[in-house]
Amino acid sequence: MSSGYVARRIAVFFLIVWLAASLNFLLPHTANVNPVRQRLARLQAFGVASGVTATRASGEEKSLFEETVKTWERKFGLDQPLWKQYVRYMGDIARFDLGFSIVNFPASVLRMILQALPWTVMVIGLATIFSFILGSMLGALMVWRRDSTMLKVIGPPILALSAIPYYLLGIGLIFILAFTWQFFPLSGGYDYGTIPDVSWNFIRQAGHHAILPALSIVLAQIGFWGLHMRGMMVTVQEEDYMQLAEAKGLKGTRLFLRYAVRNAILPQATNLALTLGLIITQGVLVEVVFSYPGIGTLLFSAIRNLDFFVINGIVFIIVLSVGLATLIIDLLNPILDPRIRYQQA
Amino acid sequence: MNSAIRWTGQNRLLTAGLVIVIILLLISLIGPYLIDEQGTKIGYAMPDQGPGREFLLGTDTVGRQILPTIITGMPLTLRVGVIAGGLGLAIGVILGFVSGFYSGLPDLIIRGSADTLLTVPVLLLLVVVASTLTSALTVNMEALLLAGLTWMGPTRIIRSQVLSMRERAYVDVARASGANGFQIIFIELIPNLLPYIAVSFVGAVAQAILGSIGIEALGLGPQNENTLGMTIYWSLYHSSVVRGLWWWWAPPIIVIVLLFIGLFLMSAGLDRIANPRLRKIT
């Protein structure tokens, strides 16, 4: 791996992030969406916009509304020419300043995201890694022990589960395990009325709440990893080095782990990094279904409340994490697999 | 007749998948004529009624009947899947051929953009686009939107197959006998690619439906149409799970799960025809 390759790869990363940020900025503008106006119009519809009461004459009400919009636009810098807004936006992004939430003003978007992120990363990240390990083993064993009756019975249904979206499994799990049998809480990340802290009691509580969302992801993902692993194992098993290793009389477990799995797991590892980069979107709907206090629920409520700055901020964070994940894969792959050589064309 | 039975025995997965999907298709084709569409209107009946003699699958919180809502919703969801999947497949096949057959710069651009788009979270892109739309989304618009995001899979599958096929001897023979590029593509390559094209189509349809239900469940779908995803959204919106209204959230989920399992079995079965190596494992 040459230093030129590393430099080019990092340049591509910044290019992608810049493109995504620009798109993120331009899309709402070309669609002619005015976040402030939309938000205030909705507030006014509920009769709570500042200074506007339902009893006022409609003309006066309208001018007051326009005035409020103007003030807010000035506050968020939306009255400036487009290119100035763009330059400012890029500068802010570079400093990780994602602006303020319109709905929860003056809460900063970054703080809201940082509050939600640990929940998402812990539950969905751990569930993904767990299902990666289980699924890869299942897929590998389905090829290695293809005569095992147990695998023949449980294998295919688990693979088929991967076709079902996580959140639909989640709804089913809530109904059976939380609503009917009440083994687990119905929703949320911790008991209602507790304040999150670092105590044994709170961690136990959070764990109890995390089991169902994690389970719905694990159930659906095992099949995904299993399917891929099975395909890779079939290919690996026909390689010459497998025959040679077998002819040398190597023990079964060594043959399985060091020869077959070692080679079949490489593309899986690439996929794992990508999936971890996608953690946040993977979990959006699972979190919504469980009202889990992570990024997904934050995005959901931002969409519902037309809080464009929060939507923008979350989109940017996701693009950043996916970009970083692919960057790490591309830099790690030549180390994991010596056969990969990045040559300059 | 005998050969049909043998075919069914050899392709159990594909047959099972086809049966499920065809039953669902038939219900959504014939069903709307058998039910009273008035039942899908808000306020048609008493809200929150459980399944019973009067309303077969009960009613929801705003007084819609569940059964007609599901039956009129199924063709809408399937339409999104077929339009988006079909368009995505068409784009994918064309780009895959161009990319695989005429390597060089077009290949570089097509492969580059397909690979980049594949790493972009589809749901997120849909969220951004759908949340910036000022007008209400319609089912057809949703399908077009999704088609733009389902072509990458087919492009990659077709490209890699074309790359390996154009080196085969029968292509050389055709070329030597004076066939031009188009003749080679349509007479030699397409027939051999049919299993792959079928797999790609099933995959694209499944992905499109998955995406559509995803944005609909987030509340960004067509607000005025009762697709299956919108029914799930409204049932979540009115917290039907916690309120024990199982007849509201369960039917759309069961239909969707059946649909996905059917498509999954079909693609697994078609995969076996396309990649004979997989046939060795059950």
Side-chain angles (χ1 to χ4, degrees), chain A residues 16 20 23-24 27-28 30-33 38 142-143 146 152 155-156 159-165 167-169 171-172 174-175 178-180 186-187 227 230-231 233-235 238 274 277-278 280-282 284-285 288-289 299-300 302-304 306 308 311-312 314-315 318-319 322-323 325-326, chain B residues 13 108 115-116 118-135 206 209-210 213-215 217-220 229 232-233 235-237 239-244 246 249-250 252-254 256-265 267-268 271 275 277-282:
Chain A
I16 288 176
L23 200 70
N24 210 352
L27 218 55
T30 45
N32 230 346
V33 177
Q38 280 201 18
M142 279 180 85
V143 176
R146 64 182 55 145
K152 269 185 185 160
L159 295 189
L161 270 184
S162 69
I164 303 168
Y167 51 97
L168 298 187
L169 278 178
I171 296 176
I174 295 180
F175 179 67
F179 181 76
T180 313
L186 283 165
S187 66
L227 270 175
R230 196 183 65 170
M233 282 290 280
V234 173
T235 319
E238 294 191 343
L274 259 184
L278 291 175
I280 299 169
T281 36
Q282 299 267 348
V284 170
L285 281 155
V288 169
V289 165
L299 179 65
F300 183 62
I303 291 170
R304 257 200 200 175
L306 300 174
F308 283 93
I311 300 179
N312 262 342
I314 294 177
V315 169
I318 293 174
V319 170
V322 175
T326 38
Chain B
L13 287 177
L108 205 69
D115 285 352
T116 321
L118 267 179
T119 64
V120 173
V122 172
L123 187 68
L124 196 77
L125 216 62
L126 291 174
V127 164
V128 174
V129 176
S131 64
T132 47
L133 287 176
T134 37
S135 55
I209 294 180
L210 186 70
I213 291 174
I215 36 174
L218 277 175
L220 291 167
I232 291 180
Y233 170 71
S235 79
L236 288 178
Y237 187 93
S239 16
S240 65
V241 182
V242 211
R243 290 166 58 210
W246 56 268
W249 56 264
I253 290 185
I254 290 170
I256 291 169
V257 166
L258 278 176
L259 184 60
F260 279 130
I261 301 264
L263 290 172
F264 173 83
L265 291 174
S267 97
D271 225 12
N275 306 315
R277 238 191 332 210
L278 278 175
R279 267 180 233 162
K280 281 195 217 148
I281 45 176
T282 43

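Put simply, of A/Leu299, A/Val288, A/Ile171, the one with the most heavy-atom pairs under 4.5 Å next to chain B is A/Ile171. Heavy-atom pairs under 4.5 Å with chain A were tallied for B/Gly214, B/Pro252, B/Gly219, B/Ser239; the largest tally goes to B/Gly214. When each of B/Val242, B/Leu13, B/Ile256 is checked for heavy-atom pairs under 4.5 Å with chain A, B/Val242 comes out on top. Per-residue heavy-atom pair counts under 4.5 Å with chain B were compared for A/Leu159, A/Leu169, A/Ile174, and the maximum is reached by A/Leu159.
There is no contact between A/Ile314 and chain B, counting heavy-atom distances below 4.5 Å. Looking at A/Val315, the atoms closer than 4.5 Å to chain B (heavy atoms on both sides) sit in the backbone and in the side chain alike. The part of B/Leu236 that comes within reach of chain A is its side chain, from C-beta onward, which places non-hydrogen atoms under 4.5 angstrom from that chain. For B/Leu259, no part sits under 4.5 Å from any heavy atom of chain A, backbone or side chain. Proximity to chain A (any heavy atom under 4.5 Å) is shown, for B/Leu263, by neither the backbone nor the side chain. No part of A/Thr180 comes within reach of chain B, as not one of its non-hydrogen atoms sits under 4.5 angstrom from that chain.
The minimum heavy-atom distance linking B/Ala217 with A/Leu285 is given by the pair CB-CD2, 3.8 Å. What you find for A/Pro165 and B/Leu210 is that their closest heavy atoms are CG-CD1, 3.5 Å.
Among residues two or more places apart in sequence or in another chain, the ring pair (Phe, Tyr, Trp, His ring centres under 6.0 Å) test is passed with A/Phe175 by A/Phe179, B/Trp249. Taking B/Leu258 as the reference, B/Ile20, B/Leu24, B/Ile254 meet the side-chain contact (heavy atoms from CB on, under 4.5 Å) condition, with sequence neighbours excluded.
Residues A/Ile164 and B/Ile253 have side chains not in contact (no heavy-atom distance under 4.5 Å, counting atoms from C-beta outward).
To the nearest 0.5 angstrom, A/Tyr167 atom OH is 8.0 Å from B/Leu218 atom CG. B/Tyr233 OH to B/Ile215 CD1: the interatomic distance, rounded to the nearest 0.5 Å, is 13.0 Å.
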